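Order of the sequence lines sets the chain letters (A, B, ...), proteins ahead of strands, with each chain counted from 1. Small disclaimer: the values here were computed from a predicted structure and weren't measured.
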Protein chains: 2
Amino acid sequence: MSTASAGPPVPTAGARTRSAAARRFAESARTTPSLAEFDKLVGRTQENVRTITETVPLDRLHGWHRDRRTGFIAHESGRFFSIEGLQVEKQGPGAGRQSPSAAWGQPIINQPETGILGFLVKEFDGVLHILMQLKAEPGNRNGLQLSPTVQATRSNYTGIHGGLPVPYLEYFQEPAHVIADVRQSEQGSRFLRKRNRNMIVETSDPVPARDGFVWLTLGQLHRLLAVDDLVNMSTRSVLACLPLGDDTDAAADDGFATALARSLAPGGPALHPLVDVLSWITETRTLSELHARTVPLDALTDWAFTGGRIRHRGGKHFEVIGVEVEAVGREVGHWWQPMIRARSTELAALVVTRLRGVLHVLMQLRIEPGLTDTAELAPTVQCTPADCAHLPPEQRPPFLDLVQSARPADIRFDTVLSDEGGRFYHTGSRHLVVETEWQPEPPEFRWLTPGQLEDLAQHSHYLNMQARSVLACLRSRYDGGDR
Amino acid sequence: MSTASAGPPVPTAGARTRSAAARRFAESARTTPSLAEFDKLVGRTQENVRTITETVPLDRLHGWHRDRRTGFIAHESGRFFSIEGLQVEKQGPGAGRQSPSAAWGQPIINQPETGILGFLVKEFDGVLHILMQLKAEPGNRNGLQLSPTVQATRSNYTGIHGGLPVPYLEYFQEPAHVIADVRQSEQGSRFLRKRNRNMIVETSDPVPARDGFVWLTLGQLHRLLAVDDLVNMSTRSVLACLPLGDDTDAAADDGFATALARSLAPGGPALHPLVDVLSWITETRTLSELHARTVPLDALTDWAFTGGRIRHRGGKHFEVIGVEVEAVGREVGHWWQPMIRARSTELAALVVTRLRGVLHVLMQLRIEPGLTDTAELAPTVQCTPADCAHLPPEQRPPFLDLVQSARPADIRFDTVLSDEGGRFYHTGSRHLVVETEWQPEPPEFRWLTPGQLEDLAQHSHYLNMQARSVLACLRSRYDGGDR
């Protein structure tokens, strides 16, 4: 294509390119060999790869200081990330609905660089496998978690850490066959405009799995999603960007998995045409204004720097703590850093329903201060239930009571999964999928199909991190039916 | 859909919704009644709607001042817009390629509000018509231009001007049937992160055309695009977001219009799969860094405030001038404002080719300091030819010589069209479409189909203003073939 001597190239690609990848991942989702070997690998790796993390006061982190000029906590090199204060004011129709107040202050992580979260995939015996990494992160409460092939900040892969080269990075720097490649936001209430590049790249080279890496089918990975705190946040993010689905003429039953499969078929029926969904997003982004500016940490009146950590005076939300880390089998052996620790387990819940046999998900359009483009689609319920327990009913998040009181028979997924262990300490969310009758849509909510959400996930700024994470869980119920 | 009593709604929308709109606009494009009535209307309106614009020194604009603290030119109310200084530094692979230098300063317009550019469309005798407005803007060099039904900044439609209500605005505030609704960037080298909401809304209400408004078919509008300085920039922007096309089995000839029609067919063949195009954009946005910060105007060392205007010391680019405006038949009768005046006519040129009968357009991925997301697709050539005339060959923009030396037989479109007359004074670009043999792609270029570009135009931040403008011109060659 880039040499003139070859003559004019022939156009062949079309809409079918993506469908072909979706069908191949559907086949991989239907393939679930025993996980006995995997369990053994976890046992072996756990002996070699560990981190020992101890909390230490924020003012005793080697290499970190509170910058006198900015009032931020930053690394002395000026690199990695910093903890800053953010003062937020909301205006427009969304103000005051999603948050108790339309103005607030909070600490936030500023890490202005785009990392790579990458799946390397390869066919074995005609079935796509994904190369997963068993990775120990300082914030993990259970040791190892399953991470993408590559999970690297730019600091990692440019060697600022002074560490070893990132394994398999070369496949993402000169990708032979790209299946997905899109920058997606990190949590908009924790990170200031942070995005990571979510990539899925296929290779036909022989690729040996290095120590601590393992090839899994999508079916295996889907099964492991149901294990508490095993599949990490970066993996869930990439999974939501993965094309999945098949034509579903073969499946005629009315089971949940069939409704999901039908909803993933390209161009299938949906309650709202995509243009109406885009218009709703455009309108909210146009009319809602959220002004956020960074301020010194000690200008945050609701937050206190006491006992070597930064806490919310009302005991809500999260704390900023310091940790000292010793790692075995990781790039660097010993370091200090600030981390975020949630005060209690958060909730990312999807309410789903079947409309004429097609699955629909009730998505919320949510304004968050750290998002690059004001608002992104979020789970039906995204909150910290403990912070809402004492609120009067009209201030409680919509559908929180519905999902919390769901009958076991209506629960399609329920697992606690961790936030990213490089920044979050022992912090996780309950990932919950509840099937209900159809519910009327409040103004900030729309019933969308998983297929529409997958289309949107090809582009930046549509699905927030929590949405991608719990959508990956919902999609793990895909079985593609018997063929 | 929003009332519980109606019971669960039925999902019906699918991928076909957009195709249906595209087919209806294809029919409208094939319908071109005589423009004799239109010409009479222009004559009549020209007598009633005029602006008289005189240039005045910037320091004698009533209501405007140079802010002592910021060094910007701003309105005393703090509203409308301001002229600020911008200091830019480029890093990464794009640095130094598209601009002679990787660091520069320039004046820029800051207008942090999202206006509406809206087409109201309606079927008459089974054919979609668009309600166009004959509008006089102070920067127009020829009096009236054809503007969308609604072209309103938020200041306009919230009445900050103290003017009259914006006609037909209500159709866009509570739209019955949305065909397109997407925020698109304005020129990224003139505006700081400015976006407008491009909307196409259909109504079945009886809508009389008010004085100065006219219902046109898409075929008529396409014909008028070939008239110098008639169809304004906002109209061209919305036209590029309009779904257009049909299945083209009927057309078997190998003419240019047929190749264009074939390229607009949904899911048709293309040289690059869309995922590769998205990956290329993701990579450029991830690796290129452009740091832009506002500075006082007098900190711009290459620019001088002399003779009541701000000029580039090298006589290049543009000037910031002041104007005094008297208007007849417009919302407000008399006002002053700063405007941008280009030093010479700019160029927006597309190089196109037919690959196996499918039209492809050579698009450039261009980094501009005012863009919200670093880089957007731009025309093959976007420059000010007069500023490039004395550059050595290796510094001239790629393909400039090719399009400037095109044989008349290879020119598919060639018209000078104006920049937006509310901010730009007697400023326009030559819109040129040149057909060539296939050319190898430099790193910042890709051959894409008009259909792929239309898909991308459903989302923000993919096509820059100049790209949308000249793509509208290319698409005006659509005739859909004989049916």
**Q.** Taking every non-hydrogen atom, the tightest pair across B:Val275 and A:Val178
**A.**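 In this case the closest contact between B:Val275 and A:Val178 is CG1-O, 3.7 Å.
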Q. What heavy-atom pair brings B:Trp438 and A:Pro9 nearest, and what distance separates the two atoms?
A.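 What the structure gives for the nearest pair is CE2-CD, 3.2 Å.
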Q: Please state whether the side chain, the backbone, both or neither of A:Glu283 comes within less than 4.5 Å of a heavy atom of chain B.
A: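 Contact with chain B is through both the backbone and side chain of A:Glu283.
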Q | Contact class of A:Asp373 relative to chain B, heavy atoms under 4.5 angstrom | A |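 Interface part for A:Asp373: side chain.
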Q. Between A:Arg285, A:His461, A:Gln458, which has the largest tally of heavy atom pairs under 4.5 Å with chain B?
A.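 That would be A:Arg285.
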Q. What part of B:Arg183 lies closer than 4.5 angstrom to a heavy atom of chain A: side chain, backbone, both or neither?
A.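 Contact with chain A: backbone and side chain both.
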Q: Pick one of side chain, backbone, both or neither for B:Ile281, based on which atoms fall under 4.5 Å of a heavy atom in chain A.
A: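 No part of it gets close to chain A.
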If you round to the nearest 0.5 Å, how far is [atom2] of [Y] from [atom1] of [X]?
{"X": "A:Ser279", "Y": "B:Ile179", "atom1": "OG", "atom2": "CD1", "answer": "11.5 Å"}
{"X": "B:Asp276", "Y": "A:Thr17", "atom1": "CG", "atom2": "OG1", "answer": "8.0 Å"}
{"X": "A:Thr114", "Y": "B:Leu287", "atom1": "OG1", "atom2": "CG", "answer": "9.0 Å"}

Q. Do you know which of B:Gln452, B:Arg356, B:His459, B:Met199 has the most heavy-atom pairs with chain A at a distance under 4.5 angstrom?
A.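 Maximum pair count with chain A is reached by B:His459.
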Q | Side-chain heavy-atom pair A:His360, B:Pro11 within 4.5 angstrom cut-off | A |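 SC-SC contact between A:His360 and B:Pro11 confirmed.
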Q. Does the side chain of A:Pro269 reach to within under 4.5 Å of the side chain of B:Thr12, using non-hydrogen atoms?
A.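 When only atoms from C-beta onward are counted, B:Thr12 and A:Pro269 do not touch, as no gap falls below 4.5 Å.
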Q | Within 6.0 Å of CD in A:Glu89, more than 12 heavy atoms from elsewhere | A |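 12 or below, so no.
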Q.
Heavy-atom count check: over 12 atoms from other residues, nucleotides or ligands less than 6.0 Å from A:Glu437 CD?
A.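 No, because the 6.0 Å sphere around CD of A:Glu437 holds 12 heavy atoms or fewer from other groups.
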Q. Between B:Thr282 (side chain) and A:Asp181 (backbone), is there a donor-acceptor pair under 3.5 Å?
A.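 Answer holds: yes.
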